[in-house]
**Q** 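Below you'll find the structure I mean.
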Amino acid sequence: MLAPSGRNYEDFKRQIPDIAMPLLDGIRSTCMSLGDNVIEDVRMHRVVFCKSMTFRWFADIEPQQDGIIVKIQKSRKEPVQTVHISDMKQISELGDAFRDAYEQIH
């Protein structure tokens, strides 16, 4: 689905460091596989993953020079979990957190 901002993922990838590219692609793949109603909102410096048209986000990813800052929001009542990842193993470790956050959005 097209991002609400009108930007697409391919445009976004042109501006990020090469070291962050596989991490970004891995997180994107994980988030998009959670359901048919996942919306990718490509913003100026980050990509936000939302559930359906309510645009309640569950994952916010921001590329850095040495990895990616990942924010996971399970609900508005819980604090946002922030993690810095720098290798692919960490993405698989975050898979359950992405799934939990996605499933808790109503």
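In this chain, numbering begins with 1 at the start of the sequence shown. Just the heavy atoms: all of them, side chains too, but no hydrogens, waters or symmetry mates, feed the values below. The structure displayed is predicted, hence computed values, not measured ones.
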**Q** Could you give the distance from CD1 (I105) to OG (S52), rounded to the nearest 0.5 Å?
**A**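 Result: 8.0 Å between the selected atoms.
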**Q** Checking the side chain of K51 only, and the main-chain atoms of V38 only, is there a donor and an acceptor separated by less than 3.5 Å?
**A**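 Looks like no, no N/O pair under 3.5 Å.
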**Q** Applying side-chain hydrogen bond (donor to acceptor under 3.5 Å, both in side chains) as the test, list every pair that has at least one member in residues 15-31; sequence neighbours left out.
**A**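 Sorted result for residues 15-31: R7-Q15, Y9-D25, R28-E40.
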**Q** Within this structure, what is the CD1-CG distance for the pair I19 and L24, rounded to the nearest 0.5 Å?
**A**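 If we round to the nearest 0.5 Å, I19:CD1 and L24:CG are 13.0 Å apart.
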**Q** How about F12 and P63: do any of their side-chain heavy atoms sit closer than 4.5 Å?
**A**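 Answer yes - side chains close enough.
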**Q** Short question: side chain of K71, backbone of T82 - any donor-acceptor pair under 3.5 Å?
**A**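 No; zero donor-acceptor contacts below 3.5 Å.
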**Q** If you compare all heavy atoms of Q73 against all heavy atoms of A101, which two are closest, and at what distance to 0.1 Å?
**A**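 In this case the closest contact between Q73 and A101 is O-CB, 3.4 Å.
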**Q** Provide the closest heavy-atom pair for P17 versus Q64 in the form atom of the first, atom of the second, distance.
**A**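 So the two residues come closest at CG-O, 3.5 Å.
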**Q** Going by the side chain to side chain contact (heavy atoms under 4.5 Å, CB included) test, name the single residue among I91, D60, I27 that passes it with V70.
**A**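 Only one of I91, D60, I27 forms a side chain to side chain contact (heavy atoms under 4.5 Å, CB included) with V70, namely I27.
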**Q** Got a donor-acceptor contact below 3.5 angstrom from the Q90 side chain to the D87 backbone?
**A**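 Present.
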**Q** Could you measure the distance from the CD atom of Q104 to the CZ atom of R56? Nearest 0.5 Å is fine.
**A**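 Reported value, rounded in 0.5 Å steps: 9.5 Å.
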**Q** Please determine whether a side-chain nitrogen of the Lys or Arg among K13 and D11 lies less than 4.0 Å from a carboxylate oxygen of the Asp or Glu.
**A**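 Salt bridge flag = no for D11 with K13.
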**Q** Say whether I69 and W57 are linked into one hydrophobic cluster, either directly or through other cluster members, by side-chain heavy-atom distances under 4.5 angstrom.
**A**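 I69 does not cluster with W57.
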**Q** Minimum heavy-atom separation for A20 and G67, please, with both atom names.
**A**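 Taking every non-hydrogen atom into account, CB-O, 3.9 Å.
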**Q** So F58 and F49, would you call those rings parallel, tilted or perpendicular, with 30° and 60° as cut-offs?
**A**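 Aromatic pair F58/F49 classed tilted.
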**Q** Are there more than 12 heavy atoms of other residues, nucleotides or ligands under 6.0 Å from atom CG of D66?
**A**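 Check passes, neighbour count above 12.
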**Q** To the nearest 0.5 angstrom, please state how far the CG atom of D100 sits from the OG atom of S75.
**A**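 Going from CG on D100 over to OG on S75, the span is 11.5 Å.
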**Q** Please give me the minimum heavy-atom distance between G35 and Y102, naming the atom from each residue.
**A**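 The answer is CA-OH, 3.5 Å.
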**Q** Residues two or more places apart in sequence or in another chain: which of them pass side-chain contact (heavy atoms from CB on, under 4.5 Å) with V83?
**A**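 side-chain contact (heavy atoms from CB on, under 4.5 Å) check on V83 returns Q81, I85, L94.
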**Q** Let's go through I68 and E62 carefully: what are the C-alpha distance in whole Å and the side-chain angles of both, what is the deciding distance for side-chain contact (heavy atoms from CB on, under 4.5 Å) to 0.1 Å, and is it a yes or a no?
**A** CA-CA 6 Å; I68 294 184; E62 183 178 348; 5.7 Å; no
**Q** When rounded to the nearest 0.5 angstrom, what distance separates CD1 in I16 from CZ in R46?
**A**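 If I round to the nearest 0.5 Å, the distance is 15.0 Å.
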